[in-house]
Amino acid sequence: MKILWFSNIKLTETQMSGSGTWISGMNDLLLTYYPDVQIANVTIAEVDTVREEIVRGRTQWVLPKKTTARDMDLFVKIIDSYHPDIIQIWGTEFFWATIPFETICPNVPVILDMQGFYSSVLDVLYGDLTIKERIRCFSIKEFLRPSSSLIALSRRLHKSVNREEEVIRKYKIISVQSNWVKENVNLLNPKATIYETRIALRPQFFQSVKWNINEMEPYTIFSTASMIEPTKGSFTLLKALREVRRLLPQAKLLLAGSSQTGIRKSGYMRLMEQFIYSNGLSDSVSFLGSLGTDDLIKAYLQSNVFVNPSYVESYSLILAESTYLGVPTVATYAGAMGELGNSNSLLYFSKYDYKACASKIIAILTNRKLAANLSIQSIIFSEEKHDPKTVAETQFSIYKSVLG
């Protein structure tokens with residue numbers, strides 16, 4: 001069985017961190033449990049010419065960033081040289097899904113794996129920002145580079161939504177990570193064959209020790225996101241922290257995510273900093289920047305509570321990671337996050353409701369019995385949902401079903 005992946009992730013000899021780690025994780029699991037399944041990956045990176053390489057026993061084609069869906073001859077050459085039984089496209093956000101595979105290789109089945117929805121992001125693009133706050137998000141960076149502004153992003157998203165809907169309607173085989181994604185796909189393409197897949201965590205999480213109430217740092221709140229932007233709910237979390245500190249002045253918040261300094265600092269980031277300063281939170285908020293996997297796990301384990309305040313997620317890998325480690329967790333009941341826990345394993349709040357968020361955080365910080373119980377229940381729930389062998393079996397069964 002030969003599978004050809006088209007992804008925006010470059011497989012490497014070392015373990016990945018950052019966005020898209022579930023793709024590398026799936027590669028590791030299939031290599032472990034189904035070594036006879038051959039996988040090759042096509043991706044894009046900062047290279048001048050097409051580079052073919054072998055990474056951990058997998059063939060990989062790295063294409064220049066100037067590559068587009070119109071480079072038909074290149075894709076024909078790759079497909080003809082590899083002779084895949086199945087082509088799998090990871091996500092709709094890149095141009096891979098617009099390549100006319102039905103023309104290039106009409107006899108090769110193509111799976112579109114859904115990673116998220118542009119339309120859902122567009123709906124919450126400004127988060128809980130007021131009109132005045134949105135205006136204040138236009139700062140030095142946005143003045144020097146207008147394309148980085150929220151208004152410009154909104155325009156791009158509108159175009160992406162239309163393209164994404166066309167892509168989803170086009171494919172006959174689609175795999176999804178959650179029921180929430182499945183329902184959205186069904187609205188656009190009810191005739192598609194839909195498979196439910198599972199998310200692969202990084203190997204370090206399977207190997208890690210679990211959260212221990214006697215070894216964590218009391219009153220430490222931790223949150224992380226690939227990008228610090230309105231849709232991720234960071235502003236809601238800051239408002240919640242303000243409420244928490246009125247009762248628990250010793251509470252502190254650690255925020256991990258892409259670091260922004262100097263003129264590259266977004267207007268939104270500056271708005272957050274102004275809020276922190278004006279509300280007397282400067283000594284209680286720390287920005288950690290992007291963390292490697294080992295440092296990320298350390299931050300999870302040291303925290304008293306983990307919070308994901310995001311307004312929409314098609315899955316939420318960070319939520320899966322925190323619950324797998326057994327960290328007492330608070331999350332927005334939005335998108336697919338409601339599928340990553342239950343009332344016994346995770347405390348949910350409605351998006352934008354910072355007071356409810358604060359209340360859930362306080363409950364965990366002040367009740368060791370509740371924290372310990374949430375930890376135990378989240379481990380039970382998440383270890384079953386993210387069992388590595390089951391994740392690999394599910395993906396392999398999809399390939400077998402597609403091939404008949």
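Residue numbers count from 1 along this sequence.
- A donor-acceptor pair under 3.5 Å links the side-chain atoms of Thr366 to the main chain of Ile362, judged by distance alone.
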Please evaluate residues Phe101 and Ile89 with respect to the criterion side chain to side chain contact (heavy atoms under 4.5 Å, CB included), reporting the C-alpha separation (whole Å), side-chain torsions for both, the decisive distance (0.1 Å), and the verdict. CA-CA 11 Å; Phe101 291 109; Ile89 303 165; 3.5 Å; yes
For Arg198 and His386: C-alpha separation, side-chain torsions, deciding distance, then whether side chain to side chain contact (heavy atoms under 4.5 Å, CB included) applies. CA-CA 7 Å; Arg198 292 175 180 246; His386 300 102; over 6 Å; no
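- Other residues, nucleotides and ligands place no more than 12 heavy atoms under 6.0 Å from the OH atom of Tyr333.
- Residues Ser310 and Ser316 fail the side-chain proximity criterion, which asks for heavy atoms closer than 4.5 Å.
- Checking Leu30, Leu11, Leu4, Thr59 one by one against Ile39, the side-chain contact (heavy atoms from CB on, under 4.5 Å) holds for a single residue, Leu30.
- Atom CG of Leu319 sits about 6.0 Å away from atom OG1 of Thr329, to the nearest 0.5 Å.
- Relative orientation of the Trp5 and Trp90 rings is perpendicular, given thresholds of 30° and 60° on the angle between their planes.
- Closest non-hydrogen pair, Val402 versus Pro109, comes out as CG1-CB, 3.6 Å.
- Not one N or O on the side chain of Glu133 forms a donor-acceptor pair closer than 3.5 Å with the backbone of Leu271.
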Please step through side chain to side chain donor-acceptor pair (under 3.5 Å) for the pair Thr236 and Tyr311, ending with a clear verdict. CA-CA 10 Å; Thr236 294; Tyr311 301 136; 2.6 Å; yes
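- Remark: side-chain polar atoms of Thr323 are paired, donor with acceptor, to backbone N or O of Ala320 under 3.5 angstrom.
- The shortest distance between side-chain heavy atoms of Arg51 and Gln60 does not fall below 4.5 Å.
- For Asp283, the CG atom sits in a loose shell: 12 or fewer heavy atoms of surrounding residues, nucleotides or ligands are nearer than 6.0 Å.
- Separation of atoms CG (Asn304) and CE (Met216) is listed at 3.5 Å; rounding is to 0.5 Å.
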Go through the steps to decide whether Val110 and Phe6 satisfy the test side chain to side chain contact (heavy atoms under 4.5 Å, CB included), and finish with yes or no. CA-CA 11 Å; Val110 182; Phe6 283 80; over 6 Å; no
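- Residues Lys182 and Glu196 are paired through a salt bridge, judged by an N-O separation under 4.0 Å between the basic side chain and the carboxylate.
- Side-chain atoms of Ile213 and Trp211, non-hydrogen and from C-beta on, do get closer than 4.5 Å to each other.
- Note on Lys10 versus Glu53: salt bridge recorded, some NZ/NE/NH1/NH2 to OD/OE distance being below 4.0 Å.
- Atom NZ of Lys210 has more than 12 heavy atoms from other residues, nucleotides or ligands within 6.0 Å.
- Side chains of Leu241 and Ile361 form no contact here, defined as non-hydrogen atoms less than 4.5 Å apart.
- Of the possible polar contacts, none joining the Arg136 side chain to the Gly267 backbone as a donor-acceptor pair under 3.5 Å is found.
- Aromatic rings from Tyr324 and Phe205 are positioned such that their centres are separated by 6.0 Å or more.
- Side chain of Asp71 to main chain of Thr68: a donor-acceptor pair is present (N/O by atom type, distance under 3.5 Å, no hydrogens or angles).
- Using a 4.5 Å heavy-atom threshold, the side chains of Phe222 and Val327 count as separate.
- Annotation for Leu201 and Phe206: closest pair O-CE1, 3.6 Å, computed over non-hydrogen atoms.
- Defined by atom type and a distance below 3.5 Å, a donor-acceptor pair is missing between the side-chain atoms of Ser350 and Asp353.
- In this structure a side-chain-to-backbone donor-acceptor pair under 3.5 Å is missing from Ser178 to Tyr315.
- From Thr390, atom OG1 reaches atom CG of Leu29 across 10.5 Å, with rounding to the nearest 0.5 Å.
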Full working for side chain to side chain donor-acceptor pair (under 3.5 Å) between Ser120 and Asp123: CA-CA 5 Å; Ser120 62; Asp123 291 340; over 6 Å; no
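- For the side-chain contact (heavy atoms from CB on, under 4.5 Å) with Leu112, the qualifying choice from Val167, Ile173, Val185 is Val167, the only one to do so.
- The two atoms that bring Arg58 and Asn27 nearest to each other are NE-OD1, 2.7 Å, heavy atoms only.
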Hey, can you pull the donor-acceptor pairs under 3.5 Å for the side chains in residues 152-159, sequence neighbours left out?
from   : atom 1 : to     : atom 2 : distance (Å)
Arg156 : NH1    : Ser147 : O      : 2.7
Arg156 : NH2    : Ser147 : O      : 3.3

Could you check Leu254 against Ser303 for side chain to side chain contact (heavy atoms under 4.5 Å, CB included), going step by step and ending with a plain yes or no? CA-CA 9 Å; Leu254 305 181; Ser303 64; over 6 Å; no
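- A salt bridge is absent between Glu52 and Lys77: the closest approach of a Lys/Arg side-chain nitrogen to an acidic carboxylate oxygen does not fall below 4.0 angstrom.
- Annotation: side chain of Ile140 is in contact with side chain of Arg270 (closest heavy-atom distance under 4.5 Å).
- Annotation: side chain to side chain donor-acceptor pair (under 3.5 Å) contacts of Tyr195 (sequence neighbours excluded): Ser401.
- The CG atom of Asn212 sits 9.5 Å away from the CG atom of Leu301 when rounded to the nearest 0.5 Å.
- One finds the OG atom of Ser314 at 10.0 Å from the CG atom of Asn184 (value rounded to the nearest 0.5 Å).
- Of all non-hydrogen atoms in Ala358 and Ala240, the two that sit nearest each other are CB-O, 3.5 Å.
- The pair Arg202-Glu321 counts as a salt bridge, with a side-chain nitrogen and a carboxylate oxygen less than 4.0 angstrom apart.
- By the neighbour-count criterion of 12 heavy atoms within 6.0 Å, atom CZ of Arg169 is densely surrounded, having more than that number from other residues, nucleotides or ligands.
- Rounding to the nearest 0.5 Å gives a distance of 9.0 Å between CZ of Arg70 and OG1 of Thr98.
- Closest approach of Tyr300 and Ser322 over heavy atoms only: CE2-CB, 3.6 Å.
- A salt bridge is defined here as a Lys NZ or Arg NE, NH1 or NH2 lying under 4.0 Å from an Asp or Glu carboxylate O, and Arg246 with Glu243 meets this definition.
- Formation of a donor-acceptor pair under 3.5 Å by the Asn279 side chain with backbone atoms of Leu281 is not found in this model.
- Inter-residue side-chain proximity for Phe117 and Ile168 is flagged as met; some heavy-atom pair is nearer than 4.5 Å.
- Side-chain atoms of Asn41 never come within 3.5 Å of backbone atoms of Ser24 as a donor-acceptor pair (strictly under, hydrogens ignored).
- Under a cut-off of 6.0 angstrom, the local environment of NZ in Lys2 is crowded, with over 12 non-hydrogen atoms contributed by other residues, nucleotides or ligands.
- In this structure, Tyr268 and Leu150 have side chains that are not in contact, with every pair of non-hydrogen atoms separated by 4.5 Å or more.
- Ring-plane geometry between Tyr82 and Trp61 is classed as perpendicular, the angle between the planes exceeding 60 degrees on a 0 to 90 degree scale with a lower cut at 30.
- If you check the side chains of Thr197 and Ser175, you find no donor sitting under 3.5 Å from an acceptor.
- Using modelled atom types, one side-chain atom of Ser7 and one backbone atom of Ile9 make a donor-acceptor pair closer than 3.5 Å.
- A salt bridge is absent between Glu93 and Arg163: the closest approach of a Lys/Arg side-chain nitrogen to an acidic carboxylate oxygen does not fall below 4.0 angstrom.
- Judged by distance alone, the side chain of Tyr118 and the main-chain N or O of Thr92 form no donor-acceptor pair under 3.5 Å.
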